[in-house]
A.B. asks: 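Attaching a single structure in structure tokens format; questions to follow.
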Protein chains: 2
Amino acid sequence: MGNSRNIPDIVVGRLPVYLRALSLMLAEQCEYTSSHELGERLGISSAQIRKDLSHFGEFGKQGTGYNVAFLHEQIRQILHVDREWPMAVVGAGDLGRAIVHYRGFVPRGFRVVCVFDNKPERVGEEIAGIVVQPMEKLAEELSAKNVQVAMIAVPLEAAQDVADQLVQAGVRAILNYAPINISVPPDVQVQYIDPVVHLQHMTFYLK
Amino acid sequence: MGNSRNIPDIVVGRLPVYLRALSLMLAEQCEYTSSHELGERLGISSAQIRKDLSHFGEFGKQGTGYNVAFLHEQIRQILHVDREWPMAVVGAGDLGRAIVHYRGFVPRGFRVVCVFDNKPERVGEEIAGIVVQPMEKLAEELSAKNVQVAMIAVPLEAAQDVADQLVQAGVRAILNYAPINISVPPDVQVQYIDPVVHLQHMTFYLK
DNA sequence: TAGATTGTTAATCGATTAACAATC
DNA sequence: TAGATTGTTAATCGATTAACAATC
């Protein structure tokens with residue numbers, strides 16, 4: 001089949017995990033892999049991997065499996081990370097700083113290009129070569145740098161307001177590190193990272 | 001019904017999100033809430049919330065809904081965060097440092113009590129009052145401090161080895177920030193945080 | 001060829017939703 | 001009481017898995 005819209009979101013969510021495993025295999029010089037090998041590495045069934053990929057096209061060969069480099073490239077294109085997305089970070093505290101310093105974005109399709117904070121003492125500070133801007137500059141900077149993707153790393157009290165400003169400035173995908181559900185228009189993507197949610201999920205099973 | 005084992009993992013995974021919303025409502029002085037209000041805040045159906053909670057007991061009253069403080073306390077107990085879990089952090093780079101500085105753990109049931117790194121120049125350094133220990137001290141420290149929960153904040157090349165050492169030292173829940181799937185025995189919980197996975201999930205829907 | 005593995009179909013399994021009696 | 005909302009059942013919907021013909 002392939003390529004139509006109507007792909008289940010849960011399938012889309014697994015593609016980045018497949019891509020990550022394929023990158024690793026590339027680094028390990030594997031030329032070919034199979035749905036079985038991939039499934040074993042990721043702890044999911046080979047049938048699920050074949051089914052997931054079948055939504056987007058036919059990428060393998062009977063008998064030999066998948067060419068790692070080829071499948072990697074195909075998934076990069078499907079996820080639109082065959083390019084570099086400029087990103088904004090809002091919040092220059094400890095977390096914002098760590099995000100800006102992280103070297104794992106660029107090899108996977110993203111680059112932090114601007115950082116904002118509303119505390120006067122943080123404005124002007126330089127983080128990994130990027131000068132922290134005041135919130136007043138948000139719209140102007142984002143439009144100048146064509147930023148559609150942003151990360152929120154501010155205290156929870158400020159998160160909704162920041163989200164509103166980002167949407168206003170044209171951002172269409174937000175990764176929110178503040179521990180709060182934010183509301184955005186239906187055409188804006190939101191994802192959440194809250195370590196405590198994961199920790200509490202695990203402690204359910206402990207003792 | 002309530003309280004048996006056989007709760008779907010997907011249901012367990014939503015409880016921390018419910019708990020987070022209830023904390024916020026507590027802070028907002030809401031005394032009562034309903035499955036409708038909660039669902040609206042979280043963007044899920046009221047039926048799902050009632051169904052999820054029904055796995056654990058009966059917490060509401062017809063006509064009036066749920067007492068926020070009571071439901072909050074019940075979910076805290078279900079998730080075993082009606083106590084404080086001591087945690088270890090492995091990796092004292094930018095990310096590890098940000099994790100140790102994060103003040104959001106303690107109010108939600110967790111406290112970082114030790115930090116490890118294998119780089120000699122980082123050992124001995126103090127982060128938020130905690131002295132960085134060498135990896136050789138891992139087993140000894142974890143057992144002395146009764147640590148069952150750990151976070152991995154090391155480069156991906158080191159993550160599997162660190163995970164092995166943590167398991168060896170008695171850790172039963174691991175939150176892995178390294179962008180790699182790690183293997184652990186079946187009785188050890190693992191959760192992953194990889195911001196790029198979330199970003200790539202969103203860029204699928206962009207442009 | 002013989003062995004392996006794909007892509008796909010149909011069956012199974014599980015999760016979500018709608019509806020409503022019970023009752024505060 | 002009248003209105004609201006629960007907990008639960010049954011129906012619906014969707015996701016996963018098993019199986020296999022096709023074929024490299």
Side-chain angles (χ1 to χ4, degrees), chain A residues 1-18 21-22 25 30-75 78 201 204, chain B residues 1-18 21-22 25 30-75 78 201 204:
Chain A
M1 294 283 115
N3 231 357
S4 88
R5 231 51 346 172
N6 286 108
I7 313 289
D9 185 65
I10 196 162
V11 172
V12 176
R14 280 191 293 261
L15 292 186
V17 179
Y18 299 168
L22 290 164
M25 288 179 172
C30 305
E31 198 168 352
Y32 282 90
T33 188
S34 66
S35 58
H36 292 86
E37 186 188 24
L38 215 35
E40 197 149 335
R41 287 206 183 209
L42 300 176
I44 60 189
S45 77
S46 60
Q48 179 160 88
I49 290 174
R50 294 199 302 280
K51 188 100 223 281
D52 284 354
L53 294 177
S54 76
H55 286 98
F56 304 97
E58 308 191 355
F59 305 113
K61 270 210 268 290
Q62 287 102 325
T64 51
Y66 303 93
N67 177 292
V68 174
F70 176 75
L71 183 56
H72 183 267
E73 182 54 28
Q74 293 300 307
I75 297 181
I78 292 166
H201 188 156
F204 173 82
Chain B
M1 291 286 114
N3 233 356
S4 87
R5 231 57 336 178
N6 286 106
I7 313 287
D9 185 64
I10 197 163
V11 172
V12 176
R14 279 191 291 261
L15 292 186
V17 178
Y18 298 168
L22 290 164
M25 288 180 172
C30 305
E31 197 168 354
Y32 282 89
T33 187
S34 65
S35 57
H36 293 87
E37 187 189 25
L38 215 37
E40 196 148 336
R41 286 207 183 209
L42 300 176
I44 62 189
S45 78
S46 61
Q48 179 160 87
I49 289 174
R50 293 198 303 277
K51 187 102 223 279
D52 284 354
L53 294 177
S54 77
H55 287 98
F56 305 97
E58 308 190 355
F59 306 114
K61 270 212 269 289
Q62 287 101 323
T64 51
Y66 304 93
N67 178 292
V68 174
F70 176 75
L71 184 56
H72 183 268
E73 183 54 30
Q74 293 300 308
I75 297 182
I78 292 166
H201 187 155
F204 173 81

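So you know, we letter chains A, B, ... as the sequences are listed, proteins then strands, and number each from 1. If you're wondering where the values come from, they're calculated on a predicted model, not measured in any experiment.
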A.B. asks: Students often get this wrong, so: under 4.0 angstrom with heavy atoms, is A:Ser46 touching a base, only sugar-phosphate, or nothing?
C.D. replies: nothing

A.B. asks: Just how far, in rounded Å, is C1' of D:dA4 from OH of B:Tyr32?
C.D. replies: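 Checked: the OH to C1' distance equals 14 Å.
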
A.B. asks: Test of understanding: with side-chain hydrogen bond (donor to acceptor under 3.5 Å, both in side chains), list the residues that count as partners of A:Arg50, not counting sequence neighbours.
C.D. replies: A:Ser35, A:Ser46

A.B. asks: For DNA chain C, produce a single dot-bracket line, 5' to 3'. Pairs: Watson-Crick or G-U wobble, both distances under 3.5 Å. Symbols: ( ) within strand, [ ] crossing, | other strand, . unpaired.
C.D. replies: ..||||||||||||||||||||||

A.B. asks: Do the side-chain N and O atoms of A:His55 and A:Asn6 include a donor-acceptor pair separated by under 3.5 angstrom?
C.D. replies: no

A.B. asks: May I ask you to evaluate whether B:Ser45 reaches the phosphate of C:dT17, defined as a side-chain N or O under 4.0 Å from OP1 or OP2?
C.D. replies: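 For B:Ser45, the contact criterion (side-chain N or O under 4.0 Å from OP1 or OP2 of C:dT17) is met.
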
A.B. asks: Assign each of B:Phe59 and A:Gln48 to its nearest nucleotide of DNA chain D by heavy atoms, then name whichever residue's nucleotide is nearer the 5' end.
C.D. replies: B:Phe59

A.B. asks: Let me know the distance between CG of B:Leu71 and C1' of D:dG7, rounded to the nearest Å.
C.D. replies: 14 Å

A.B. asks: Would you indicate whether the side-chain heavy atoms of B:Ile44 and B:Val17 approach each other to under 4.5 Å?
C.D. replies: no

A.B. asks: Give the rounded distance in Å between these two atoms: CD of B:Glu37 and C1' of D:dT6.
C.D. replies: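 Computing the B:Glu37:CD to D:dT6:C1' distance gives 15 Å.
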
A.B. asks: Is A:Val12 close to A:Ile78 at the side-chain level, that is, under 4.5 Å between some pair of heavy atoms?
C.D. replies: no

A.B. asks: Return no unless some side-chain N or O of A:Tyr66 is found under 4.0 Å from OP1 or OP2 of C:dG7.
C.D. replies: yes

A.B. asks: Let me know the distance between NE2 of A:His55 and C1' of D:dT16, rounded to the nearest Å.
C.D. replies: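 Distance, rounded to whole Å: 11 Å.
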
A.B. asks: Under 4.0 Å from OP1 or OP2 of D:dT6: is there any side-chain N or O of B:Ser35 that close?
C.D. replies: yes

A.B. asks: Answer yes or no: is there a side-chain heavy-atom contact under 4.5 Å between B:Phe204 and A:Ile7?
C.D. replies: yes

A.B. asks: C:dA15 P sits how many Å from B:Ile7 CD1, rounded?
C.D. replies: 11 Å

A.B. asks: Let's see if you can work this out: which of C:dT17, D:dC24, D:dT16 has an atom nearest to the side-chain heavy atoms of A:Ile10?
C.D. replies: D:dT16

A.B. asks: Quickly work out the B:Asp52 CG to C:dT16 P distance and round it to whole Å.
C.D. replies: 7 Å

A.B. asks: Pick out the pairs of N or O atoms, protein on one side and nucleotides 20-23 of chain C on the other, that lie under 3.5 Å.
C.D. replies:
| unit_1 | atom_1 | unit_2 | atom_2 | d |
| --- | --- | --- | --- | --- |
| C:dT23 | O4' | B:Gln62 | NE2 | 3.3 |

A.B. asks: For B:Leu38 and D:dA4, what is the distance between atoms CG and P respectively, to the nearest whole Å?
C.D. replies: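 After rounding, the gap between these two atoms is 19 Å.
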
A.B. asks: From C-beta outward on A:Ser34, which listed nucleotide comes closest to its side chain: D:dT8, C:dT5, C:dG7?
C.D. replies: C:dT5

A.B. asks: Where each residue is assigned the nucleotide of DNA chain D containing its nearest heavy atom, which of A:Arg14 and A:Lys61 is assigned the position nearer the 5′ end?
C.D. replies: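 Of the two residues, A:Arg14 wins.
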
A.B. asks: Under the side-chain hydrogen bond (donor to acceptor under 3.5 Å, both in side chains) rule, collect the residues that match up with A:Asn67, sequence neighbours excluded.
C.D. replies: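 Expected list: none.
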
A.B. asks: Using the rule side chain to side chain contact (heavy atoms under 4.5 Å, CB included), only one of A:Leu53, A:Ile49, A:Asp52, A:Leu42 pairs with A:Arg14; which is it?
C.D. replies: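 Option passing the side chain to side chain contact (heavy atoms under 4.5 Å, CB included) with A:Arg14: A:Asp52.
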
A.B. asks: Holding to side-chain hydrogen bond (donor to acceptor under 3.5 Å, both in side chains), I want the full list of residues that pass it with B:Gln62, two or more places apart in sequence or in another chain.
C.D. replies: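 Listed in chain order: nothing, the list is empty.
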
A.B. asks: Would you mind reporting whether B:Phe56 and B:Leu15 have side-chain heavy atoms less than 4.5 Å apart?
C.D. replies: yes

A.B. asks: Which residues pass the side-chain hydrogen bond (donor to acceptor under 3.5 Å, both in side chains) test with A:Gln74, not counting sequence neighbours?
C.D. replies: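 Per chain and number, A:Gln74 pairs via side-chain hydrogen bond (donor to acceptor under 3.5 Å, both in side chains) with no residue.
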
A.B. asks: Can you tell me how far P of C:dG14 sits from CG of B:Asn6, to the nearest Å?
C.D. replies: 11 Å

A.B. asks: Could you work out which one of D:dT8, D:dA15, D:dT6 sits closest to the side chain of B:Ser54?
C.D. replies: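 Minimum distance to the B:Ser54 side chain belongs to D:dT8.
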
